[in-house]
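Atoms within a ligand are numbered from 1 in the order they appear, just like the ligands themselves.
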Amino acid sequence: MKKRYHLKLDPKMIEGSRIALLPGDPGRVQTIANFLDNGRQLASYREWNSHLGELRGKKILVVSTGVGGPSTSICVDELAQLGVTAFIRIGTTGAIQPHIVPGDLIVTTASVRLDGAGRDYAPVEYPAVADFDITTALVQSARLWGVKHHVGITASTDTFYQGQERYDSYAGTVPRRLKGSMKEWQRLSVLNYEMESGTLLAMCAAMGLRAGCISGVLVNRCKEEEIDPSILESVESKTIGVAVKAAEIIASALP
Ligand code: URA
């Protein structure tokens with residue numbers, strides 16, 4: 001097989017890896033790869049930066065997805081073409097339930113599909129549900145690390161401002177159909193907003209692949225609209241630590 005067009009990777013380069021850690025930000029890939037043994041860069045093109053490393057002798061990829069469903073779908077589809085079967089998203093998020101505090105982690109069990117890209121893989125009635133083993137590994141890992149975490153449903157949008165009912169945008173308003181949407185998701189016990197899990201979980205479930213998602217909380221929208229950049233680093237390192245341990249648990253069960 002030739003190099004995949006977007007990721008610039010071929011099966012030989014990934015050395016049989018079956019598991020990929022997926023941050024959104026290409027700049028975070030190196031940080032995550034530093035948690036692995038023998039981490040090294042494989043390729044970088046547009047938003048897709050890829051590194052390969054090892055955990056207890058098992059090859060693990062770290063590949064950035066970029067922001068949102070379309071670039072995530074390209075990343076996951078091409079990795080699957082290369083033989084990757086398990087995906088763990090490492091993200092950031094805005095909480096919408098009052099008891100969640102910036103710095104906490106959220107393990108997504110399923111996502112409300114407010115994205116468009118996932119609909120090209122399965123109709124919207126199809127559940128964007130996380131893989132049970134990966135979700136369990138994420139929870140087990142968060143407990144091992146002693147990190148405060150919440151487990152539940154995420155709303156996954158295509159847009160940061162309109163889709164997440166933010167009024168601090170250029171337009172300063174949202175279309176009528178989105179007015180009151182945050183309140184409705186709160187009432188339906190949704191924990192948080194982010195922008196990739198809907199596509200990731202739906203496409204993976206639909207294609208018989210395994211995926212899970214853990215996100216670090218940057219802001220609680222019940223109290224504050226603006227993200228405090230000073231907490232970004234500590235939230236990210238907690239999320240990465242938990243996700244890497246979960247990848248190790250999943251990898252150890254592979255033949
Ligand atoms: N990512 C999102 O999509 N929303 C937030 O509020 C924070 C991070």
Problem set entry | Within 45° cone of Tyr5 ring axis and under 6.0 Å: Lys3 NZ or CZ |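 No; the conditions do not both hold, so Lys3 does not lie above the ring face of Tyr5.
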Exercise. For Phe160, is the NZ or CZ atom of Arg166 found under 6.0 angstrom from the centre of its six-membered ring and inside 45 degrees of the ring axis?
Worked result: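 Here Arg166 passes the 6.0 Å and 45° test against Phe160.
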For this session: Might you list the protein residues in contact with ligand 1, defined as having a heavy atom under 4.0 Å from one of its atoms, sorted by chain and number?
Result: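 The answer is Thr92, Thr93, Gly94, Phe160, Gln164, Arg166, Tyr193, Glu194, Met195, Val219, Ile227, counting any residue whose heavy atom sits under 4.0 Å from ligand 1.
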Problem set entry | Partner residues of Lys58 under the side-chain hydrogen bond (donor to acceptor under 3.5 Å, both in side chains) criterion, sequence neighbours left out |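 For Lys58 there are no side-chain hydrogen bond (donor to acceptor under 3.5 Å, both in side chains) partners, ignoring immediate neighbours.
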Exercise. Glu233: what forms a side-chain hydrogen bond (donor to acceptor under 3.5 Å, both in side chains) with it, not counting sequence neighbours?
Worked result: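 Result, side-chain hydrogen bond (donor to acceptor under 3.5 Å, both in side chains) vs Glu233: none returned.
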Problem set entry | Hydrophobic cluster partners of Tyr170 (side-chain heavy atoms under 4.5 Å) |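 Listed partners: none, Tyr170 stands alone.
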Problem set entry | Spacing of Met13 atom CE and Leu7 atom CG [to the nearest 0.5 Å] |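 So the CE of Met13 and the CG of Leu7 are separated by 10.0 Å.
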